[in-house]
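Worksheet for the structure shown next.
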Amino acid sequence: MISNNIKIKTQDLNVYYGEKQALFNVNLDIHSKEVTALIGPSGCGKSTFIRCINRMNDVIDICKIDGSIKIDDKEIIDNNVDVVRLRESIGMVFQKPNPFPKSIYDNISYGPSIHGLADNKSDMDKIVENSLKKAALWEEVKDRLDEPGTGLSGGQQQRLCIARAISVNPEVILMDEPCSALDPIATAKIEELIDELKKSYTIVIVTHSMSQAVRVSQRTGFFHLGKIIEVDTTEKIFKNPGNQMTQDYITGRFG
Amino acid sequence: MSEISHIVKSYEEELQNLNDNLIKMGSLVEKQLSDSMEAIIKVDKEAADNIIKNDAKINELRAIIEEQIVTVLVKRAPMAIDLRLTISTLKISSDLERIGDLAKSVAKKIKPLPHDLPEELIASLRRLGDLVQRQLKDILDAYLKKSKDLAIKIWKTDEKVDDLTHTAMNEVADFLGKDKKNLDLATHLLFVTKNIERAGDHITNIAESLFYLIEGEHIEGARPKGKDFDSNS
């Protein structure tokens with residue numbers, strides 16, 4: 001089911017790293033409670049793009065952004081935006097699982113505690129349990145919550161990171177190649193989880209796997225040299241793309 | 001169609017190989033159909049035997065194509081134009097095989113025929129056979145050229161195939177009406193006519209598959225339909 005509600009809207013988004021321009025006039029609508037996959041060759045700007053959505057590029061001194069990104073119609077490319085609040089509503093999962101060197105429990109409770117989401121221990125216990133359940137990890141770790149998160153398998157660590165991301169009730173989850181370090185079984189578990197999570201969250205996933213984009217997303221955007229070349233329903237992109245460049249890329253013909 | 005080659009050369013070769021086999025299969029089927037038409041009109045029983053025997057070659061090629069397609073699907077997980085090419089080739093090879101079967105079926109009907117076909121029935125049977133043969137030749141050309149315009153033209157011409165079938169069948173029915181002793185021959189000829197018409201239907205299927213391969217969409221509108229044998233309109 002394709003929704004028509006636009007959660008994130010970018011207009012004429014340009015990003016520069018010093019002299020080098022990384023994104024050129026990107027206009028892209030991300031629909032609410034859907035998975036949008038971003039594909040394109042390495043260095044095409046996909047990761048730069050998603051890092052604009054939670055203003056993560058702010059930490060790079062030489063990075064300059066102009067244009068507009070609206071989330072729920074509210075401009076976020078604005079010095080007055082509370083970036084901490086913004087990141088509370090936008091979770092992020094990276095290519096390599098990066099749990100904190102803390103217990104499984106603390107990995108989840110860290111965010112809610114700094115955002116003041118729990119009044120007491122029992123509230124926090126509930127948040128931890130719910131987040132782990134939503135990330136389909138609870139059954140595997142419920143008896144060892146005090147063990148270090150780093151002791152879990154790669155796939156479990158990635159689900160722990162997803163649980164950590166959703167523990168602060170975000171609205172958007174950004175995933176930057178979340179399965180590229182995982183085996184097919186761990187990948188399948190994450191993909192199953194993405195299917196489940198899209199009912200509650202808007203998800204943007206960067207992936208180099210065409211078949212993963214087809215499996216998990218409802219919309220796909222193709223980036224090339226910092227420009228968005230084509231965005232459409234995933235079915236259209238992979239069955240009958242409108243742009244020759246998209247077709248050449250997804251069929252492995254790129255020169 | 002894409003003008004740029006795949007980065008992986010062996011993928012390119014696999015698709016080329018598939019294409020070559022389909023063309024090869026197409027020309028075998030073309031020959032089987034034209035041989036069967038000639039054989040039925042001449043009541044050439046020796047030619048009929050050869051046609052029946054040659055059908056195995058078509059089936060063999062179809063099995064090879066099917067296996068190649070399974071390999072491409074599992075190895076390459078084809079996308080977009082490559083996916084449509086793979087799926088369409090599978091469907092087209094299946095339709096070609098069925099046309100081959102129908103040609104064989106026509107050949108099988110030759111054996112029980114008396115030596116001469118009544119002159120009055122030959123003309124319309126020949127007209128129908130010629131049209132279906134031309135349709136098959138054209139659709140194979142259209143496949144080679146990846147021409148959607150030709151595909152649509154062929155698709156639309158099926159209506160004419162239906163009309164010629166209608167005429168041919170009515171003539172056989174009249175022939176039967178003249179003398180009940182004509183029953184055996186008439187029955188065989190009705191089957192033959194129907195087989196040729198069905199070959200035409202498979203050509204229409206191929207036109208649809210080809211259009212989908214080229215455009216990524218299905219031909220719009222209902223299939224053109226001519227008169228039925230039993231309709232009076």
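Side-chain atoms are counted along with the backbone in the values below, which use heavy atoms only and exclude waters and symmetry mates. Residue numbers start from 1 in every chain, and the chains themselves are labelled A, B, ... in the order their sequence lines are given, proteins ahead of strands.
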Please tell me if the side chains of B/Ile87 and A/Lys239 come closer than 4.5 Å, counting only heavy atoms from C-beta onward.
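Counting from C-beta outward, B/Ile87 and A/Lys239 never come under 4.5 Å.
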A/Glu230: what forms a side-chain hydrogen bond (donor to acceptor under 3.5 Å, both in side chains) with it, not counting sequence neighbours?
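Scan of A/Glu230 (side-chain hydrogen bond (donor to acceptor under 3.5 Å, both in side chains), adjacent residues dropped) gives A/Thr246.
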Considering residues, nucleotides and ligands other than [X], do more than 12 of their heavy atoms fall under 6.0 Å from its [atom1]?
{"X": "B/Lys156", "atom1": "NZ", "answer": "no"}
{"X": "B/Phe191", "atom1": "CZ", "answer": "no"}
{"X": "A/Glu235", "atom1": "CD", "answer": "no"}
{"X": "A/Arg87", "atom1": "CZ", "answer": "yes"}

Looking at [atom1] of [X] and [atom2] of [Y], how far apart are the two atoms once the value is rounded to the nearest 0.5 Å?
{"X": "A/Gln247", "Y": "B/Ile4", "atom1": "CD", "atom2": "CD1", "answer": "10.0 Å"}
{"X": "A/Ile237", "Y": "B/Met79", "atom1": "CD1", "atom2": "CE", "answer": "11.5 Å"}
{"X": "B/Arg84", "Y": "A/Asn240", "atom1": "CZ", "atom2": "CG", "answer": "4.0 Å"}
{"X": "A/Thr251", "Y": "B/Leu85", "atom1": "OG1", "atom2": "CG", "answer": "11.0 Å"}

Only pairs of heavy atoms separated by less than 4.5 Å count here; which of B/Ala80, B/Ala77, B/Pro78 has the most with chain A?
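The candidate making the most pairs under 4.5 Å is B/Ala80.
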